[in-house]
Amino acid sequence: MSENVVHLHKATDPPTPDTAPTVLTVVPDAPPARPVPLWVRSGRAVKTVATHETTRATVRAAARHGLYTFNGGRIVARRAWDGRTGSRYERMIRAAEAAGNLEAAEEWEERLQRFRAARHHRRMDLLHSPVDAAKGVTVGAGMSVGALVALGVVMAISTGHVGDVITPLSATVDFIALLIRIVQVVWGPALSIGPFLALLALWSVGRKQHAAPKWALPANVRLGEGEPITPSIVVKALRDLGVPALARAIKEMGDAGASMLGPITIAGCGVEVDVTLPSGVSTNEVQGKRRKLAENLTRHEHEVFITIPQAARTVRLWVADSGALDEPIGPSPLVTDDTMTADYTKGKAPWGQDLRGDAAALSLYQRHLLITGLSNQGKTVALRSLALWLSLDKSVQFLLGDLKGAGDWNMFDGLATTLIQGPTDEHVIQVTEMVEGAVDEMNRRLQAPPGTVFPPLIVLVDEAQVAFMCPAKGTGKDKRPYGGAKADSRYFMAVRKIHNQGRAVNVLMWQGTQDPTNENLPKLVREGAHTRASLALGTESQARMALGDKAVDGGAAPNLLRPGLDRGTLVVASDGISIPAGQSSITVRTHYIDDDAAKAITDRAKALRDGVTTLHAIDRSAEHDPLADIAAVIGDAPRVRTKDVLARLAARNGDAYGEWSFLDLKRVLDDADAGPYKSDGVMVVSRDRVARALANRDGDGSASAE
């Protein structure tokens with residue numbers, strides 16, 4: 001028999017999970033939800049129905065068609081009133097006076113006087129018209145009866161029956177009776193249908209004029225999709241522009257406000273119209289409201305361009321079709337025409353299309369070039385397309401420096417005399433020396449006999465801002481910086497010298513830069529370019545740097561182009577491109593030529609030439625060190641004649657030193673403060689000076705590179 005042990009003390013340890021008692025928790029049921037009152041449910045239903053899109057569309061449609069009919073009646077009544085009175089002339093007189101055009105006001109006043117005189121003459125004629133009309137009806141009726149009786153007599157004589165005398169008269173009476181019966185039958189339905197036809201006619205007039213509030217119009221009209229540009233729309237857009245003097249003048253003009261406008265003409269993928277502003281309104285007030293004007297015309301800002309033509313107090317509006325500027329243009333003729341050649345002197349490069357859709361071609365003859373813009377907007381492609389066209393003239397020579405080094409100019413290998421590609425300070429040094437070499441060539445040409453003809457030499461530097469911002473300085477005695485915008489900057493001064501005199505001997509400077517500032521694009525350099533073009537920029541101040549004050553004041557606005565969306569669209573200020581009279585710039589949508597197409601074009605250009613050996617940049621620190629090589633060929637001798645040093649260098653590295661002259665040797669030694677000197681009447685190089693220069697250079701951590 002088992003025993004049950006009863007413990008008298010209370011256990012202090014908590015029960016284990018296995019032995020813990022099960023606790024049951026009773027959760028009461030949630031109280032039933034309170035019913036929603038009937039008035040709340042009714043209100044929600046009414047709100048849902050009232051705000052439903054179908055209800056809104058129905059209300060808009062009802063309001064729209066009703067207002068079409070009502071406002072159509074107003075329009076017809078206004079037209080009838082204008083036709084019967086001189087109100088039209090009075091409006092034109094007020095419009096001319098508001099615009100300050102007194103000659104036009106006098107002309108309209110003369111027309112009004114002639115209209116009133118003619119109306120008075122017609123009214124005086126009405127005093128005699130009832131008597132004249134009665135006489136005319138009596139005479140006409142008598143003659144008609146007489147003619148019918150005479151016709152009856154002829155018939156009676158012909159047939160021999162006397163009764164035929166009244167046959168024509170009775171037939172006429174029967175015909176009139178038939179017409180009366182027809183009118184009696186039709187009159188009732190006509191009275192019923194006529195008002196509906198009249199309302200339909202009024203509705204049609206209102207619909208064509210969009211005579212309804214904007215909220216009631218169809219979605220495509222309300223959002224401006226495909227809405228045509230009409231005189232009334234332009235006048236309303238100008239009235240609501242927020243220029244008080246302009247708004248007052250247009251209100252005084254009334255419906256005659258359209259007299260400010262010239263003809264609205266189709267211009268490419270949009271329309272163009274000249275607007276003569278009223279007295280007291282300046283052109284820059286309208287230019288400064290470009291965005292608001294575009295929105296008033298139901299367009300985006302980039303779809304409206306405002307320029308200043310030659311006519312005084314006039315602005316020229318170009319308004320694109322909705323979405324037209326987002327469509328790409330066709331391929332370049334350089335790609336589609338394999339037989340195209342170039343003529344540097346007389347030809348023009350096919351660059352793209354203007355906003356009218358006409359071909360935009362640029363003359364490159366003796367014009368320095370500057371293209372700038374934000375990064376990744378198509379600057380290199382736009383610059384390269386000009387170089388590709390010019391490469392098809394076999395007389396043109398190229399010196400190319402690409403300070404981005406992404407391979408955008410690889411296709412010019414074997415075409416350009418020099419091709420340097422890379423973003424480092426070493427590449428800037430080499431590009432600077434390339435430009436300085438072009439300066440030496442320019443000076444040689446300037447000193448040639450008069451009448452000497454020189455082939456074009458294009459010195460092209462892409463990403464030139466890298467050169468201006470380079471911190472590197474020369475070594476030895478020449479401590480001048482390579483970058484910068486001061487008189488001691490080597491790159492800056494070389495570019496300035498070409499700008500000053502290169503054009504006369506066909507040595508031209510082309511530069512492409514990014515995001516211009518006064519630091520990376522100095523004022524003297526940007527103003528030295530004859531052709532200045534800009535892609536999308538961030539601010540108006542940058543636009544002035546890129547194109548100049550005159551172009552921006554005349555309407556040029558690359559800062560209003562859309563980065564990314566308007567890639568490849570340039571605002572150009574140049575006398576080398578056809579610009580409408582009175583304007584200082586033109587907007588060009590450039591053709592896109594990809595790398596494969598560019599290579600095909602350069603292959604054609606290379607076939608025109610006998611062969612060009614392209615000089616590439618060499619990493620001098622890796623290949624050879626001139627100062628160290630000079631020390632090596634001197635050896636243990638205390639001094640060596642310069643002639644012998646040159647011979648030993650050529651034997652040591654013929655590729656690097658085979659064409660060295662005494663000036664090349666002297667330049668390297670002078671830079672290292674170890675210049676040659678005369679000893680016993682001959683020029684020599686000192687071993688100690690070279691060794692000391694090497695020690696100083698290595699101690700400074702700088703290395704000369706060639």
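Note that these values count all heavy atoms, side chains included, but never hydrogens, waters or copies made by symmetry.
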Within-4.5 Å side-chain heavy-atom neighbours: Leu277 and Val315: yes
Test side chain to side chain contact (heavy atoms under 4.5 Å, CB included) applied to Leu261 and Val234, step by step: CA-CA 8 Å; Leu261 310 183; Val234 176; 3.8 Å; yes
Spacing of OG belonging to Ser534 relative to CD1 belonging to Ile371, to within rounding of 0.5 Å: 10.0 Å
CG (Leu565) with more than 12 external heavy atoms under 6.0 Å: yes
Heavy-atom check, side chain of Thr587 versus side chain of Leu570, under 4.5 Å: no
Approximate separation, where rounding is to 0.5 Å, of Ser363 OG and Ile577 CD1: 10.5 Å
Gln113 side chain vs Glu110 backbone, donor-acceptor pair below 3.5 Å: no
Closest heavy-atom pair and its distance - Ile586, Ser578: CD1-O, 3.4 Å
Heavy-atom donor-acceptor pair, Gln377 side chain to Gly564 backbone, under 3.5 Å: yes
Residue pair Arg116, Arg119: steps toward the side chain to side chain contact (heavy atoms under 4.5 Å, CB included) verdict: CA-CA 5 Å; Arg116 286 174 174 172; Arg119 184 179 61 184; 3.9 Å; yes
Leu148 side chain near Thr172 side chain, heavy-atom distance below 4.5 Å: yes
Presence of salt bridge, Arg589 and Asp354, under 4.0 angstrom: no
Shortest non-hydrogen contact from Pro331 toward Thr336: CG-CG2, 3.7 Å
Atom pair OG1/CD1 of Thr230 and Ile264 - distance to nearest 0.5 Å: 6.5 Å
Donor-acceptor under 3.5 Å (Glu303 side chain, Arg299 main chain): no
N/O donor-acceptor pair under 3.5 Å between Thr159 side chain and Met155 backbone: yes
Heavy-atom side-chain contact between Pro350 and Met340 under 4.5 Å: yes
Distance-only polar pair, side chains of His591 and Trp351, donor-acceptor under 3.5 Å: no
Positive for side chain to side chain contact (heavy atoms under 4.5 Å, CB included) with Val281, one of Ile250, Leu241, Leu238, Leu246: Leu246
Sidechain N-carboxylate O distance under 4.0 Å for Lys289, Glu285: no
Ser158 side-chain N/O to Val154 backbone N/O, donor-acceptor pair under 3.5 Å: no
Min side-chain heavy-atom separation Pro263-Val273 under 4.5 Å: no
Note, Arg181 side chain near Val185 side chain (heavy atom, < 4.5 Å): no
Euclidean distance, Phe115 CZ relative to Thr85 OG1, rounded to 0.5 Å: 6.5 Å
His300 NE2: over 12 foreign heavy atoms closer than 6.0 Å: no
Side chain to side chain, Arg74 and Asn71, heavy atoms closer than 4.5 Å: yes
Heavy-atom donor-acceptor pair, Arg532 side chain to Val572 backbone, under 3.5 Å: no
Within 6.0 Å of CG in Leu112, more than 12 heavy atoms from elsewhere: yes
Nearest non-hydrogen partners of Arg567 and Gly378, listed with the distance: CG-N, 3.9 Å
Charged N-O contact under 4.0 Å between Glu540 and Arg544: yes
Minimal non-hydrogen separation, Val319 against Leu297, with atom names: CG2-CD1, 3.9 Å
Asn559 versus Ala543, closest heavy-atom pair with distance: OD1-CB, 3.7 Å
Least distance between heavy atoms, Val571 atom then Ala556 atom: CG1-CB, 3.7 Å
Check: Ala267 main-chain N/O paired with Trp318 side-chain donor or acceptor under 3.5 Å: yes
Nearest-0.5 Å distance that lies between atom OG1 in Thr314 and atom CD1 in Ile308: 8.5 Å
Pairing residues for His161 by the ring-ring contact (aromatic ring centres under 6.0 Å, His included) criterion, not counting sequence neighbours: none
Exceeds 12 heavy-atom contacts within 6.0 angstrom, atom NZ of Lys348: yes
Residue pair Thr590, Thr569: steps toward the side chain to side chain contact (heavy atoms under 4.5 Å, CB included) verdict: CA-CA 6 Å; Thr590 58; Thr569 299; over 6 Å; no
Approximate separation, where rounding is to 0.5 Å, of Ser332 OG and Ile593 CD1: 4.0 Å
4.5 Å side-chain heavy-atom contact, Ser574 and Leu362: yes
Test: Arg290 cationic atom under 6.0 Å from Phe305 six-membered ring centre, within 45° of axis: yes
Stepwise side chain to side chain contact (heavy atoms under 4.5 Å, CB included) test for Asp358 and Gln353: CA-CA 5 Å; Asp358 299 329; Gln353 294 180 359; over 6 Å; no
